[in-house]
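Below is one structure, written out as structure tokens; comments come after it.
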Amino acid sequence: MTRSHGSTPGAGQNRPWLNSLQRGRVPGPRLPQQRVVDGAGQSTRSVHAGTYEDPITGAVGTPVFQSSTFTFTEDTYQAFDQGDIRDVPIYGRYGSPNQWAVQEKIASLENAESALVFSSGMAAITTTLLALTNRGGHIVSSRDVYGGTYNLLREDMHQLGREVTFADPTDMESIRSAVRDETQVLFFETLTNPLLKAAPLAELGELARERNILLVVDNTFLSPIFLRPLEYGANVVIHSATKYLNGHSDVTAGVASGPRKYVDRIWSQMLKFGGSLDATMCFLLERGLKTLALRMRRHHENAVTVSEFLAGHQRVRKVHHPSRADYPYPWLAEMCPDGWGGVIAFELAGGDEAALKLLDHLHLPVVATSLGGVESLISLPFNTSHSFLTERQRGEVGIEPGLVRLSIGIEDAQDLITDFDQALSAL
Ligand SMILES: *Cc1c(COP(=O)(O)O)cnc(C)c1O
């Protein structure tokens with residue numbers, strides 16, 4: 001299996017710092033004790049890549065190095081002297097064995113040279129977008145992005161001298177016409193919440209290359225098991241690791257992956273913004289990731305089965321899921337032949353009132369926000385993620401009354417179906 005580092009745009013007149021970042025780079029950071037897995041499948045990488053093999057104890061998993069600072073050695077001084085301080089343990093915010101272990105695992109899964117973990121998905125997004133743009137720059141994105149990201153783009157970016165244009169994330173014409181000479185970044189989600197709109201990633205990659213723009217994508221909904229955006233021309237791929245990557249609804253974390261050239265630049269921004277990830281959270285994330293491939297397959301199978309059941313139920317008006325025949329974005333199945341994760345949206349007859357009642361009658365899914373956990377989570381966009389929009393604005397992005405957002409867990413599909421059957425019958 002060869003490593004793909006995404007496409008490298010030419011020296012950008014919009015990004016003068018790129019020219020100063022051409023010196024030689026090695027993948028990582030890595031310690032010599034870390035396992036490097038090349039040429040293996042995604043399950044093998046999930047389990048083994050990046051593990052720190054402790055030479056003293058022979059511990060099978062990465063120990064927790066709960067230390068905020070590390071003893072100076074000749075290597076440290078040499079790193080200071082040569083300016084490659086990202087590669088030696090110095091100080092917790094700069095990097096640590098636990099960060100490097102989990103970063104190596106994610107980089108391996110993404111086929112990336114380097115990855116950088118953060119204290120949340122939003123820390124990853126904020127830091128990356130500010131690292132890769134500068135004053136006077138322009139970003140093209142969409143109104144369908146995650147609420148926190150949308151608020152950052154709408155409320156903060158212009159204060160920081162970056163303009164943002166929102167385009168239809170599924171329509172290349174709309175995206176192309178939003179691009180200007182000053183455009184530095186295209187920022188899209190590979191699959192959106194809650195309606196699962198799929199970005200035409202290969203065409204976005206082509207546009208980015210043609211126009212010398214960086215393509216940054218949020219791949220939270222698909223995970224690297226189903227899609228590795230760097231292989232389609234994305235320059236940086238971001239995740240809210242809080243969701244599928246960790247998978248157990250017990251860690252808040254984020255990650256950005258890509259060629260070292262970009263991740264090193266994002267790292268130096270992270271040093272200033274400070275959103276680094278604590279050692280114990282890295283340990284939990286690394287442990288969660290070991291079952292990523294296994295979990296994603298189960299999420300996918302359950303989502304297909306439950307979608308089928310919901311679509312056949314008389315109280316359900318419409319199911320938004322890539323497995324349905326009327327799913328409008330055929331390029332998703334071409335890019336992701338193995339699956340699409342576990343998020344389903346469906347519209348109930350009877351509008352939001354019926355949707356609220358459904359939540360009352362369900363026993364298994366937990367009524368809570370977030371997604372990607374082993375337990376099914378269910379919520380309504382109208383009174384949570386999209387409550388800041390008017391009913392008309394919700395209609396414009398396709399959120400009709402009665403819409404329910406379901407993140408399918410890894411329970412037995414039949415138990416979920418039995419529960420939905422009784423709850424729908426009680427409406
Ligand atoms: C949850 C989420 C985020 C934000 O991540 P946090 O870890 O909550 O900061 C960003 N993008 C998407 C698609 C998400 O689902």
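Both ligands and their constituent atoms are indexed starting at 1 by order of listing. Small disclaimer: the values here were computed from a predicted structure and weren't measured.
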With distance as the sole test, does Gln103 use its side chain to make a donor-acceptor pair with the main-chain N or O of Val117 at under 3.5 Å? yes
[atom] - nearest protein heavy atom and its distance:
atom                    : answer
atom 9 (O) of ligand 1  : Met122 N, 2.9 Å
atom 14 (C) of ligand 1 : Lys243 NZ, 3.0 Å
atom 13 (C) of ligand 1 : Asp218 OD2, 3.4 Å
atom 4 (C) of ligand 1  : Tyr146 CE2, 3.4 Å
atom 6 (P) of ligand 1  : Gly121 N, 3.3 Å
atom 5 (O) of ligand 1  : Ser240 OG, 2.9 Å

Can you tell me if Glu353 has over 12 outside heavy atoms packed within less than 6.0 Å of its CD? no
If the cut-off is 4.0 Å to any non-hydrogen atom of [X], which atoms of ligand 1 fall inside it?
X      : value
Ser120 : 7 (O), 9 (O)
Thr242 : 6 (P), 7 (O)
Thr220 : 12 (C), 13 (C), 15 (O)
Ile125 : 10 (C)
Ala253 : 7 (O)

Under the side chain to side chain contact (heavy atoms under 4.5 Å, CB included) rule, what do His321 and Leu310 come out as? Steps first, then yes or no, please. CA-CA 11 Å; His321 190 260; Leu310 290 171; over 6 Å; no
Student check: side-chain heavy atoms of [X] and [Y] closer than 4.5 Å:
X      : Y      : value
Thr51  : Gln34  : no
Ile125 : Phe187 : yes
Thr62  : Pro97  : no

Cation-pi geometry met for Lys243 and Tyr146 (6.0 Å, 45°): yes
When the ring centroid of His299 is compared with that of Tyr244, is the distance short of 6.0 Å? yes
